Amino acid sequence: MLTRNMKAKPATPEQRILAAIRAVPRGQAASYGAIARRAGLPGRARLVARILGQNDDPALPWHRILRSDGRIAFPADSPEFLEQSQRLRAEGVDVRNGRVRLLEDEATLDAAVWGPR
DNA sequence: AGAATGACAGGAA
DNA sequence: GTTCCTGCCATTC
């Protein structure tokens, strides 16, 4: 009911990014750039990275976010790298050489974020 | 205010 | 298919 205050945008950029991340279906992966884009913040891929780094919510599927080339963003020798590949495999994602197959069909992620039509 | 840094992206070599 | 280099954004020195 549009009382006072029509800010109509209760979600801060951070909120929208977190929402976009949570919207990535289990067993699938998306790039930082794709998340930023889906959150309505094109060009803010690095912001997505920053948010993830500060995030403390254990329920956030951070492991589903990778670089645009499908490569895990952590150094191959870091514990985080291992953790991420392990989590991805646990969801049935084929992790070959620190790299996965991300969604080629952006519409799928769109649907997950904006809702199926 | 200028320089350096980082869970990035995209095009060139 | 890979590696390198440049561009971008936001934050911290």
Side-chain angles (χ1 to χ4, degrees):
Chain A
M1 51 155 72
L2 315 181
T3 51
R4 51 249 154 92
N5 186 351
M6 52 196 284
K7 291 198 304 188
K9 191 163 309 244
T12 70
E14 179 176 341
Q15 281 285 312
R16 290 192 306 235
I17 288 175
L18 290 174
I21 293 174
R22 295 192 178 103
V24 179
R26 186 174 182 288
Q28 294 188 359
S31 72
Y32 295 83
I35 292 300
R37 190 163 194 226
R38 271 17 292 157
L41 302 168
R44 274 74 181 172
R46 303 194 93 151
L47 179 58
V48 174
R50 173 164 281 290
I51 299 303
L52 277 175
Q54 297 178 10
N55 155 72
D56 54 346
D57 179 1
L60 193 71
W62 58 272
H63 55 284
R64 294 174 193 153
I65 314 304
L66 316 95
R67 287 184 138 174
S68 62
D69 56 7
R71 195 159 115 14
I72 289 178
F74 295 104
D77 56 8
S78 70
E80 287 293 1
F81 177 94
L82 187 62
E83 173 71 11
Q84 183 162 19
S85 13
Q86 195 171 306
R87 281 186 171 225
L88 286 170
R89 282 175 181 149
E91 297 188 349
V93 178
D94 180 35
V95 185
R96 295 285 300 193
N97 202 5
R99 190 178 293 184
V100 314
R101 192 88 161 181
L102 354 101
L103 293 184
E104 298 189 14
D105 182 9
E106 270 184 51
T108 301
L109 183 53
D110 268 341
V113 177
W114 305 108
R117 324 201 67 358

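This one's a predicted model, so the numbers in the text were calculated from it and none came from an experiment. We name chains A, B, ... by the order of the sequence lines, and we start the count at 1 in each one.
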Residue A:Y32, side-chain heavy atoms: nucleotide from B:dA9, C:dA10, B:dG6 that is nearest: B:dA9
A:D57 atom CG: more than 12 heavy-atom contacts under 6.0 Å: yes
Between C1' of B:dC8 and CZ of A:R37, the distance in whole Å: 15 Å
Gap between atoms CG and C1', on A:L88 and B:dA7 respectively (whole Å): 13 Å
Under 3.5 Å: donor-acceptor pair, side chain of A:R16, backbone of A:A39: yes
Heavy-atom check, side chain of A:E80 versus side chain of A:I72, under 4.5 Å: no
Qualifying residue for side chain to side chain contact (heavy atoms under 4.5 Å, CB included) with A:I35, from A:V48, A:L18, A:I51: A:V48
Gap between atoms CG and C1', on A:L82 and B:dA7 respectively (whole Å): 16 Å
No-H, no-angle donor-acceptor pair, A:R67 side chain to B:dC8 base, under 3.5 Å: no
Candidates C:dA10, B:dA9, C:dT2 - which lies nearest the side chain of A:L47: C:dA10
Selected nucleotide, minimal atom distance to A:R50 side chain, candidates B:dA7, C:dC9, C:dT11: C:dT11
Distance in angstrom units between A:D69 CG and B:dA7 P, rounded: 16 Å
Sugar-phosphate only, base, or nothing, as touched by A:R71 at under 4.0 Å among non-hydrogen atoms: nothing
Sugar-phosphate only, base, or nothing, as touched by A:G33 at under 4.0 Å among non-hydrogen atoms: sugar-phosphate
Heavy-atom donor-acceptor pair, A:R101 side chain to A:D94 backbone, under 3.5 Å: no
A:I17 CD1 to C:dA10 P, straight-line distance once rounded to whole Å: 10 Å
Residue whose closest nucleotide on DNA chain C lies nearer the 5' end, A:Q54 versus A:G43: A:G43
Residue-phosphate contact under 4.0 Å: A:S31 side-chain N/O, B:dC8 OP1/OP2: no
Closest to the A:F74 side chain, choosing from B:dA7, B:dG10, C:dC9: B:dA7
Whole angstrom value for the distance that separates P of B:dG6 from CZ of A:R46: 9 Å
Closest listed nucleotide, where the reference is the side chain of A:S68 and the choices are B:dG10, B:dA7, B:dG6: B:dG10
Nearest-Å distance for atom pair CD1/P, residues A:I35 and B:dA9: 10 Å
A:R44 side chain near B:dA7 phosphate (N/O to OP1/OP2, under 4.0 Å): no
Atom pair distance, as rounded to whole Å: CG in A:L52 and C1' in C:dT11: 16 Å
Residue A:A49, side-chain heavy atoms: nucleotide from B:dG6, C:dT2, B:dA7 that is nearest: B:dA7
